[in-house]
Protein chains: 2
Amino acid sequence: MKLSTRSLYGMRALVELALLSGRGPASASHIATRQCLSIAYLEQLLHRLRKAGLLTSVRGPRGGYSLARLPHQITMAEVVRILDGEQGPWETIQPRLRKSGSGSLTSGRHAQQISVAVGRCVHARLAESLGGVTLEDLCQEVKSLDGEPLDHRYVFHI
Amino acid sequence: MKLSTRSLYGMRALVELALLSGRGPASASHIATRQCLSIAYLEQLLHRLRKAGLLTSVRGPRGGYSLARLPHQITMAEVVRILDGEQGPWETIQPRLRKSGSGSLTSGRHAQQISVAVGRCVHARLAESLGGVTLEDLCQEVKSLDGEPLDHRYVFHI
DNA sequence: AAGATACCCTACCAATTCTGTCAAGATATC
DNA sequence: GATATCTTGACAGAATTGGTAGGGTATCTT
């Protein structure tokens, strides 16, 4: 269970924007350069974040993206939900069986009940944890790293 | 960000074992039948859980698997970590670039710092949330679902 | 008006990962 | 020794992911 790079990129861009806020919109290429990301790919992500209402954009020269809300009003849960997609809860989990086999269609009430229990727990916990992290928190964390040597020993998955 | 079916299957099997505990080992095929899972696939997962020390197994007729610890001593974080794998923290996140491009190698100190900040937050939160859910909790949740109609509206991702 | 800058949008591709199968072997119980 | 069960590894198809390509459109500057 790990953060997709997609979500990580998105978060990086947003943190960048949060740090730059107050200075007018920042262009996708500016962010991409500072964050060492592929411009074309980043644009896709920014676009999705804009459609979801997290960003506003201005076209034309001196245009770019800005946060649509204050940093403490944007949570990580929201970003992950937007970028990793909001697939149907049930269909996503349905396995892809090759041959007809009984498979793991949770046909039995008993099995279904357990799936639901696990699903509820996971969802509740994730939403709670990641919903508690805002862009502002991350900006703080970034600042606290200022002097520290970065030793690559950070982890994105459980 | 979602739970892999692998982890879900593993959890389902473990909950099943927890519910069945005290009645001797349960065979893989028994669990698979009750949980509507493919036997061969489930065996892989059970085996990994055994190697990790979460299960004990008995061979031969009337053999099977049992929990190596009490249900409240097994957390979801542990299971997910075992089944989804403990890949290197950095390599996993490293994107697969097709052409040489500067890509998203976090070469700049600034970009790296933000990645670290996000990574730390995610890891800490996930470990905290999923580490707080035990098999016993899930058994409780299952029981609480006993009367309820199951409407497939459960979610496994954020 | 021209052109540069930047966002907007839609396909598409290839590598990897994930889910699941198969087959052969080992080992304990009946 | 027959049978039930765990053990192990190799393998294959499908889905997802990360990334590219290329054309369009709005807006600012000159």
Side-chain angles (χ1 to χ4, degrees), chain A residues 1-10 12-13 24-33 36-51 55-66 83-85 87-88 91-105 157, chain B residues 1-10 13 24-33 36-51 55-66 83-85 87 91-105 157:
Chain A
M1 171 159 248
K2 52 179 189 272
L3 194 65
S4 65
T5 68
R6 193 157 52 208
S7 287
L8 175 60
Y9 291 4
R12 280 165 64 183
S27 73
S29 65
H30 182 224
I31 300 173
T33 306
C36 313
L37 299 173
S38 137
I39 297 169
Y41 191 40
L42 180 62
E43 272 188 340
Q44 282 181 30
L45 307 184
L46 293 174
H47 183 227
R48 282 161 80 164
L49 292 171
R50 187 192 65 83
K51 272 199 301 188
L55 297 178
T56 56
S57 60
V58 178
R59 295 175 122 178
R62 313 195 55 80
Y65 295 91
S66 329
L83 293 180
D84 275 358
Q87 314 102 319
E91 302 76 43
T92 313
I93 289 303
Q94 215 42 258
R96 46 222 185 192
L97 292 172
R98 221 167 336 164
K99 285 168 191 169
S100 63
S102 72
S104 54
L105 283 157
H157 60 91
Chain B
M1 172 159 245
K2 54 179 186 272
L3 194 64
S4 65
T5 69
R6 193 157 51 208
S7 288
L8 175 61
Y9 291 3
S27 72
S29 65
H30 182 223
I31 301 172
T33 306
C36 312
L37 299 173
S38 134
I39 297 169
Y41 192 39
L42 179 63
E43 275 186 337
Q44 279 181 33
L45 308 183
L46 293 174
H47 183 230
R48 280 161 82 164
L49 292 170
R50 189 194 64 85
K51 273 200 299 189
L55 297 178
T56 56
S57 61
V58 178
R59 297 173 121 174
R62 313 195 55 80
Y65 295 90
S66 331
L83 293 180
D84 275 357
Q87 315 103 319
E91 303 75 42
T92 312
I93 290 304
Q94 215 42 257
R96 45 222 186 193
L97 293 172
R98 223 168 332 167
K99 284 168 192 169
S100 62
S102 71
S104 55
L105 283 158
H157 59 91

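Within every chain, numbering begins at 1; the chains are lettered A, B, ... in the order of the sequence lines, protein sequences first and strands thereafter.
Regarding contacts with the backbone of D:dT17, every side-chain N or O of A:Ser4 stays at 4.0 angstrom or more from both OP1 and OP2. Of the side-chain N and O atoms in A:Tyr9, one or more sit less than 4.0 angstrom from OP1 or OP2 of D:dG19. The phosphate of D:dG18 (OP1 or OP2) has no side-chain N or O of A:Ser38 nearer than 4.0 angstrom. Side-chain N/O atoms of B:His47 include one lying less than 4.0 angstrom from OP1 or OP2 on D:dT8.
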Are B:Arg6 and B:Tyr9 close enough, and set up right, to give a side chain to side chain contact (heavy atoms under 4.5 Å, CB included), and what steps lead you there?
CA-CA 5 Å; B:Arg6 193 157 51 208; B:Tyr9 291 3; 6.0 Å; no

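In this structure, B:Leu83 CG and B:Gln44 CD are separated by 10.5 Å, a value rounded to the nearest 0.5 Å. A distance of 8.0 Å separates CZ in A:Arg48 from CG in A:Asp84, rounded to the nearest 0.5 Å. Once rounded to the nearest 0.5 Å, the distance linking OH of A:Tyr65 with CD of A:Glu43 reads 6.0 Å. Taking CG from B:Leu8 and NZ from B:Lys2, the interatomic distance works out to 12.5 Å, rounded to the nearest 0.5 Å.
Rounded to whole angstrom, the span from the CZ atom of A:Arg48 across to the P atom of C:dT10 amounts to 13 Å. A straight line from CG of A:Leu37 to P of D:dT20 spans 11 Å, rounded to a whole angstrom. Summarising the geometry, the separation between CD1 on B:Ile39 and P on C:dC22 is reported as 12 Å, rounded to the nearest angstrom. Atom CG of B:Leu46 is separated from atom P of C:dT19 by 16 Å (rounded to the nearest Å). For the pair B:Leu3 CG and C:dT19 P, the computed distance is 10 Å after rounding to whole Å. Here C:dC7 presents its P atom at 12 Å from NE2 of A:His30, a figure rounded to the nearest Å. The separation between B:Leu45 atom CG and D:dC6 atom C1' is 14 Å, rounded to whole Å. To the nearest angstrom, P of D:dG18 lies 11 Å from CD of A:Gln44.
Side-chain atoms of A:Glu43 and base atoms of D:dT20 include no donor and acceptor less than 3.5 Å apart.
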Using nucleotides 25-30 of chain D, report all nitrogen or oxygen pairs with the protein that are shorter than 3.5 Å.
residue	atom	partner	partner atom	Å
D:dA26	O4'	A:Arg59	NH1	2.8

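Each of A:Ser7 and B:Tyr65 was matched to the nucleotide of DNA chain D holding its nearest heavy atom; the match closer to the 5' end belongs to B:Tyr65.
You'll find the side chain of B:Leu46 stays beyond 4.5 Å of the side chain of B:Arg50, heavy atoms only. Residues A:Ile31 and A:Leu37 have side chains not in contact (no heavy-atom distance under 4.5 Å, counting atoms from C-beta outward).
Backbone-only engagement by A:Arg6 is indicated by non-hydrogen atom pairs under 4.0 Å involving sugar-phosphate atoms exclusively.
Ranking D:dT20, C:dC9, D:dC6 by closeness to the A:Arg50 side chain, first place goes to C:dC9. Comparing D:dT20, D:dA10, D:dT7 by their closest approach to the side chain of B:Ser57 singles out D:dT7. For A:Ser27, counting side-chain heavy atoms from C-beta on, the closest listed nucleotide (C:dC7, D:dT7, C:dT10) is C:dC7.
Under the rule for a side chain to side chain donor-acceptor pair (under 3.5 Å), the partners of B:Ser29 that lie at least two apart in sequence or sit in another chain are B:Ser27.
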